[in-house]
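For ligands, and for the atoms within them, numbers begin at 1 and follow the listed sequence.
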Amino acid sequence: MEKLVVHGGASLSGSVNISGSKNAALPILAATLLTREKCVIRRVPDVSDTNYMLQILQNLGAEVERASGTVTVKAEKLNGAEAPYDLVRKMRASICVMGPLLARMKEANVSLPGGCVIGDRPVDLHLRGLEGLGAEVHVEGGNIVVKAGKGLRGDEIDMRGKHGTTVLGTDNVMMAAVLAKGTTVIEGAACEPEVIDLANFLNKMGARISGAGTSRIEIVGVKELGGVEHTVIPDRIEAGTFLVAGAMAAKDKITLKRVEPDHLTSLLDVLEECGYPVERHGKTLTIGKAKNPLGANLTTEPYPYFPTDMQAQMCALFATTPGISVVKDTIFPQRFMHCSEMKRMGADIDMDDGTAVIRGVEKLSAAPVMASDLRASAALVLAALTAKGNTEIHRVYHIDRGYENIDDKLIGLGAEIERLQE
Ligand code: EPU
């Protein structure tokens, strides 16, 4: 296992290139199962989650090649419709092979993803959606078995749950519906940019999807799909994480290149409200130091509102921002492990019922801390950048699941970080 040692007192400057989106790439890779033809996907970030997805595709019989960000998948023949526990347990997003397998093979057998540190993550809405298309669903020996012997047929499907919309659930139903007979209407669809990117990919393959990016998606089923080339959208959460790094530790300002500023509106609004100067130039964003930084109250909600995947990083920012900030996560109310770790670094935070009340302290101080999930690890790296002393962050495999070379990118901006064997 590896750990990161982050030297505190960083002073960042210069520019960083943002990678392709992990959360857009994962369902797009799964969607390559829908055709026998070759798909070429560019800007796939080289992170362990995309590697797990490629392993699943290979295990199913697809031919996969990967060369510096470009992935080629040809799923001409599949040798089954089963995604085994050994692979699925490593990554919850494996669930998104269920829709494509069901559409192509008329059945799918996907291990039920277990619990996860950011909270209970049910898949009931995915299953409700696939049942709505005519699939039979049952759970057998820890696996979800979905079957549609007579094929899938379009229908009206409501995807809303008690925590709002579901991103991968919307993706799964959309991928199953593209080859269904007739028209499917998804009401209460997730509106995230990653859902739009998947719909664009599927439409290039020959699907007939309209309304992606709104809460009502209409899909007219087609007989077959073909191979395509596609470039994945920029990773808005990686970009957001670097924006917070700039807010916390820029000497003067830092620049992010290859971003899509329109996907970051809710975060940019909060950062500007807190006093950080932001400049937008096409696909480039610059963030500078705030003269008098302010805290904020924020609540995570489905897109276009504040993303849960930026909640932890904002807690790191607010930990040393004067005044009281209140951060509420309505999507994953248990996603606050990073706060317990930051308290070990001297942060003043009370957590209760999905809300963190953060009283900014002047400086955090280094302590050995443990990464618990992807975004929590990013928050700990951010906290460590400005802390006093050298912070050791253990279990960094969590950060490698979703950030491409985060330590090298931060070092490029002037941070001092070492990656060492435990
Ligand atoms: N939910 C249900 N039933 C379901 C599905 C979801 O109740 O069948 C609930 C969840 O428990 C949660 C809410 O609905 O309270 C939203 O979950 P969603 O299904 O949208 O999450 P997801 O699709 O599994 C994706 C991202 C997550 C991100 C969430 C929310 C990918 C691969 N993952 O997960 O990203 O937090 O949407 O935006 O796209 C991350 O990158 O660190 C990450 C966790």
Side-chain angles (χ1 to χ4, degrees), residues 19-31 45 47-50 52-53 56 88 90-99 110 112-132 137 144 157-175 188-198 215 232-233 235-241 263 266-267 300-313 329-335 337-338 354 371-379 398-404 406:
S19 300
S21 161
K22 163 187 84 85
N23 288 349
L26 291 172
I28 286 173
L29 290 171
V47 294
S48 34
D49 273 9
T50 58
Y52 293 141
M53 181 56 82
I56 291 176
V88 173
K90 292 185 182 154
M91 179 181 67
R92 284 192 48 90
S94 326
I95 192 78
C96 65
V97 297
M98 197 161 61
V110 179
L112 192 59
C116 120
V117 72
I118 68 177
D120 181 28
R121 294 180 69 186
V123 292
D124 55 314
L125 300 171
H126 299 235
L127 302 182
R128 189 169 87 194
L130 297 178
E131 276 176 330
V137 176
I144 310 167
I157 288 162
D158 184 356
M159 291 297 290
R160 266 168 293 230
K162 67 174 191 287
H163 291 284
T165 52
T166 162
V167 177
L168 292 177
T170 302
D171 290 347
N172 248 332
V173 174
M174 198 160 68
M175 290 189 280
C191 303
E192 271 69 4
E194 294 77 15
V195 175
I196 304 179
D197 205 27
L198 173 64
S215 60
V232 173
I233 55 171
D235 195 312
R236 63 192 168 103
I237 306 302
E238 188 201 14
T241 304
H263 295 167
S266 60
L267 171 64
T300 70
E301 282 178 86
Y303 193 84
Y305 301 106
F306 198 89
T308 172
D309 291 343
M310 281 304 302
Q311 179 263 102
Q313 301 87 320
D329 199 324
T330 65
I331 298 174
F332 294 117
Q334 295 168 42
R335 195 181 206 180
M337 297 282 275
H338 44 280
S372 56
D373 76 80
L374 173 58
R375 308 303 170 189
S377 355
H398 286 292
I399 211 163
D400 297 330
R401 287 188 40 209
Y403 287 90
E404 193 172 50
I406 190 169

- request: Give the contacting part of D124 toward ligand 1: side chain, backbone, both or neither, where contact means a heavy-atom distance below 4.0 Å.
  value: both
field: Structural part of F332 in contact with ligand 1, heavy atom criterion under 4.0 angstrom
entry: side chain
- request: Output, in order, the C-alpha distance, side-chain angles, deciding distance and verdict of salt bridge (charged side-chain N to carboxylate O under 4.0 Å, His left out) for D309 and R335.
  value: CA-CA 10 Å; D309 291 343; R335 195 181 206 180; 2.8 Å; yes
Of all the heavy atoms in [X], does at least one lie under 4.0 Å from an atom in ligand 1?
| X | value |
| --- | --- |
| H126 | yes |
| M53 | no |
| T165 | yes |
| K22 | yes |
| P122 | yes |

message: As an exercise, state the distance from CZ of R401 to OG1 of T50, rounded to the nearest 0.5 Å.
response: 11.0 Å
field: Rounded distance (nearest 0.5 Å) linking atom CG of D124 with atom NE2 of H126
entry: 8.0 Å
- prompt: Going by an N to O cut-off under 4.0 Å, is there a salt bridge joining K22 and E238?
  reply: no
- prompt: Under 3.5 Å, N or O to N or O, is I331 touching ligand 1 that way?
  reply: yes
message: Check this for me - ligand 1, D309, N or O atoms closer than 3.5 angstrom, yes or no?
response: yes
field: side-chain contact (heavy atoms from CB on, under 4.5 Å) between E194 and L26, intermediate numbers included
entry: CA-CA 10 Å; E194 294 77 15; L26 291 172; over 6 Å; no
message: When you compare the side chains of T300 and D329, does any donor N or O come within less than 3.5 Å of an acceptor on the partner?
response: yes
